[in-house]
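Each remark here refers to the structure printed beneath this line.
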Amino acid sequence: MSWENNVRKVTPYTAGEQPQGRVIKLNTNECPYAPSPMVATKIYDLAQQELDGYSSMLRKYPDMDATRLVNAITCVYDQRYFDGADSDEKAAEGLTYDNVFVGVGSDDVLAMAFMTFFNSDKPVLFPDITYSFYDVWADLFRIPFQVQPLTEDFGIKRDDYIGKKNGGIVIPNPNAPTGVYEDPAMFEEIVKANPDSVVIIDEAYVDFGGVSCLPLIKKYDNVLVVQTFSKSRALAGLRIGAAFGCEKLIKYLKDVKFSFNSYTMSYPAIEIATAAVLDTDNFNETVAKVIKTREWTKEKLKELGFEFRDSKANFIFAKHERVGADEIFTKLRERDIYVRHWNRPRIDNYLRISIGTDEDMKELIKALRDILDDR
Ligand code: PMP
């Protein structure tokens, strides 16, 4: 058929399954706890407002700048990343409204960033084992790319990103699906060495024990730091992500976003996310609980003969010394325990196990013990 010659043909990203019914779901790195109670309160308030009819907000288009959310994020992240820093580290001013961009999950933010900043004939660089959406966006937007192999034990090779002609760089920290975390000093060297391209640091998992590169945005105009509300803020279902960069970078990002779709963020999403982000106590408690459970799980997995690089994310990427990953994956599934497995070179013997509640992880360990005892 001739029209098919003119179709943009792409192979879409494959997300982890969302099984219906009650299963132990450790396959998509969601938070096992409910979000801040402020979320439910806000949803209730929004419902009251709609019931009132006259004050309905849903009949109107939302604020396309998501001003309330951007202000709330600016305030909370300024406090977190700039207050209290050494005076020479702290820029003349902390984070401002013009340093922040928000979107429908960090996937939306990253897709916009790819479209905006990776607009060159030179290849964009990212690791060979990394978030598998990067090559999908590159294909979709016709961006040339070149993957850089991780070391044998899944580390980022700094030198692969230095002195190489490129049209941009994107690296997650911690990396996904490996969970391996690198020091911000390495990212600073990469940013510094590439003044002619934008370096995107995808910090989807940084809240679980890593140090953010966010302060770098005040020192370098070519770094964009991306974070998400889907993991540490337990709001994967609301779809909220954010990017931080110098004013100029954020302005370019907004120009592209507003040339694509102005009203991506709904009024309820903006309001609920604003209420959630201000609840820093809840955020700290949630993160502490996930970290504690992760450390317990590491010990138990080691006792069972699993091997893994240390993880600073809300998941562990592990292989068993004796039994293959696909066999363990299938047997866990038969017990309604879902983890993630990729049939891809270098990682096909690994399972990515998200951190659930203490009860989830006890069930997992019990199931793994049964499976391994049978072999
Ligand atoms: N970056 C990485 C490294 C991820 O693993 C994910 C989660 N799939 C995302 C970005 C996107 O998350 P979200 O769109 O929910 O913010």
Side-chain angles (χ1 to χ4, degrees), residues 18 20-52 55-58 62-63 66-81 83 95 100 102-109 203-210 212 214 227-242 264-297 313-315 354-363:
Q18 293 292 5
Q20 302 303 312
R22 284 189 77 80
V23 300
I24 296 184
K25 193 170 175 305
L26 309 174
N27 69 334
T28 49
N29 299 341
E30 288 139 337
C31 181
Y33 304 107
S36 156
M38 301 315 289
V39 166
T41 307
K42 179 54 79 175
I43 292 172
Y44 182 80
D45 290 349
L46 293 174
Q48 294 293 322
Q49 198 177 325
E50 291 307 307
L51 280 171
D52 175 16
S55 54
S56 164
M57 290 299 286
L58 290 182
D63 167 19
T67 312
R68 275 169 52 74
L69 177 58
V70 174
N71 278 333
I73 290 177
T74 305
C75 178
V76 170
Y77 283 65
D78 180 49
Q79 190 74 34
R80 188 167 154 87
Y81 292 113
D83 278 358
L95 200 66
V100 183
V102 289
V104 187
S106 57
D107 280 343
D108 177 46
V109 173
E203 294 189 336
Y205 302 103
V206 79
D207 293 330
F208 301 104
S212 175
L214 210 149
Q227 293 199 4
T228 178
F229 282 27
S230 298
K231 319 290 176 183
S232 52
R233 295 184 193 275
L235 284 170
L238 195 65
R239 312 304 301 128
I240 305 289
T264 53
M265 303 193 68
S266 71
Y267 174 75
I270 295 168
E271 288 299 309
I272 297 166
T274 301
V277 74
L278 294 172
D279 190 352
T280 48
D281 286 346
N282 178 268
F283 166 79
N284 291 331
E285 276 165 35
T286 299
V287 165
K289 277 196 284 189
V290 172
I291 292 175
K292 190 158 174 256
T293 309
R294 178 187 69 202
E295 296 308 307
W296 178 89
T297 308
N314 65 341
F315 56 85
S354 308
I355 302 302
T357 60
D358 286 345
E359 292 67 38
D360 291 340
M361 300 326 271
K362 280 181 196 150
E363 286 287 324

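The figures that follow rest on heavy atoms only: side chains count, while hydrogens, waters and symmetry mates do not.
Phe315 is linked by a ring-ring contact (aromatic ring centres under 6.0 Å, His included) to Tyr205, counting only residues two or more places apart in sequence or in another chain.
Annotation: salt bridge (Lys or Arg N to Asp or Glu O under 4.0 Å) contacts involving residues 265-292, sequence neighbours excluded, comprise Lys42-Glu271, Arg68-Glu271.
When all heavy atoms are compared, the tightest approach of Pro32 to Val290 is CD-CG2, 4.3 Å. Summarising the geometry of Ser354 relative to Asn27, their closest heavy-atom pair is OG-N, 3.7 Å, with the distance given to 0.1 Å. Nearest heavy-atom pair across Pro62 and Ile270 is CB-CD1, 4.4 Å. Here the closest non-hydrogen pair linking Ala72 and Leu278 is CB-CD2, 4.0 Å. Closest approach of Val287 and Ser232 over heavy atoms only: CG2-CB, 3.8 Å. Closest of all the heavy-atom pairs between Gly356 and Thr293 is O-CG2, 3.7 Å.
A donor-acceptor pair shorter than 3.5 Å can be found between the side chains of Lys25 and Thr28.
In terms of modelled atom types and a separation under 3.5 Å, the side chain of Glu50 and the main chain of Met57 share a donor-acceptor contact. Formation of a donor-acceptor pair under 3.5 Å by the Asp360 side chain with backbone atoms of Thr357 is found in this model. Checking side-chain atoms of Arg294 against main-chain N and O of Ala313 turns up a donor-acceptor pair under 3.5 Å. Under the 3.5 Å distance criterion, the side-chain polar atoms of Asp78 are matched with a main-chain donor or acceptor of Leu95. A donor-acceptor pair is defined here as one N or O able to donate and one able to accept, closer than 3.5 Å; such a pair exists between the side chain of Ser55 and the backbone of Gln49. The backbone N or O of Ser230 lies less than 3.5 Å from no partner atom in the side chain of Arg233, so there is not a single donor-acceptor pair. In this structure a side-chain-to-backbone donor-acceptor pair under 3.5 Å is missing from Asp52 to Gln48.
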Could you go through the side chain to side chain contact (heavy atoms under 4.5 Å, CB included) check for Phe229 and Val102 one step at a time?
CA-CA 11 Å; Phe229 282 27; Val102 289; over 6 Å; no
Could you walk me through whether Leu69 and Ile240 pass the side chain to side chain contact (heavy atoms under 4.5 Å, CB included) test, one step at a time?
CA-CA 10 Å; Leu69 177 58; Ile240 305 289; 4.1 Å; yes
Give the C-alpha distance, both sets of side-chain angles, the deciding distance and a yes or no for side chain to side chain contact (heavy atoms under 4.5 Å, CB included) between Ser212 and Gln227.
CA-CA 10 Å; Ser212 175; Gln227 293 199 4; 3.5 Å; yes
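Between Phe283 and Ser36 there is no side-chain heavy-atom pair separated by less than 4.5 Å. Contact check for Pro268 versus Leu58: side-chain heavy atoms found under the 4.5 Å cut-off. Leu214 has its side chain within reach of Tyr77: a pair of non-hydrogen atoms, C-beta onward, lies under 4.5 Å apart.
When the shell of 6.0 Å around CE of Met38 is examined, it contains 12 or fewer heavy atoms from other residues, nucleotides or ligands.
Taking OG of Ser106 as the start and CZ of Arg239 as the end, the distance is 7.0 Å to the nearest 0.5 Å. The OG atom of Ser56 lies 10.5 Å from the CG atom of Leu46; values are rounded to the nearest 0.5 Å. Taking CD1 of Ile291 as the start and CD1 of Ile355 as the end, the distance is 10.5 Å to the nearest 0.5 Å. Distance OG1/Thr228 to CG/Asp107: 8.0 Å, rounded to 0.5 Å. Atom OG1 of Thr74 sits about 12.5 Å away from atom CD of Gln79, to the nearest 0.5 Å.
When each of Ile272, Leu238, Asn282 is tested with Val39 by the rule side chain to side chain contact (heavy atoms under 4.5 Å, CB included), just one qualifies, namely Ile272.
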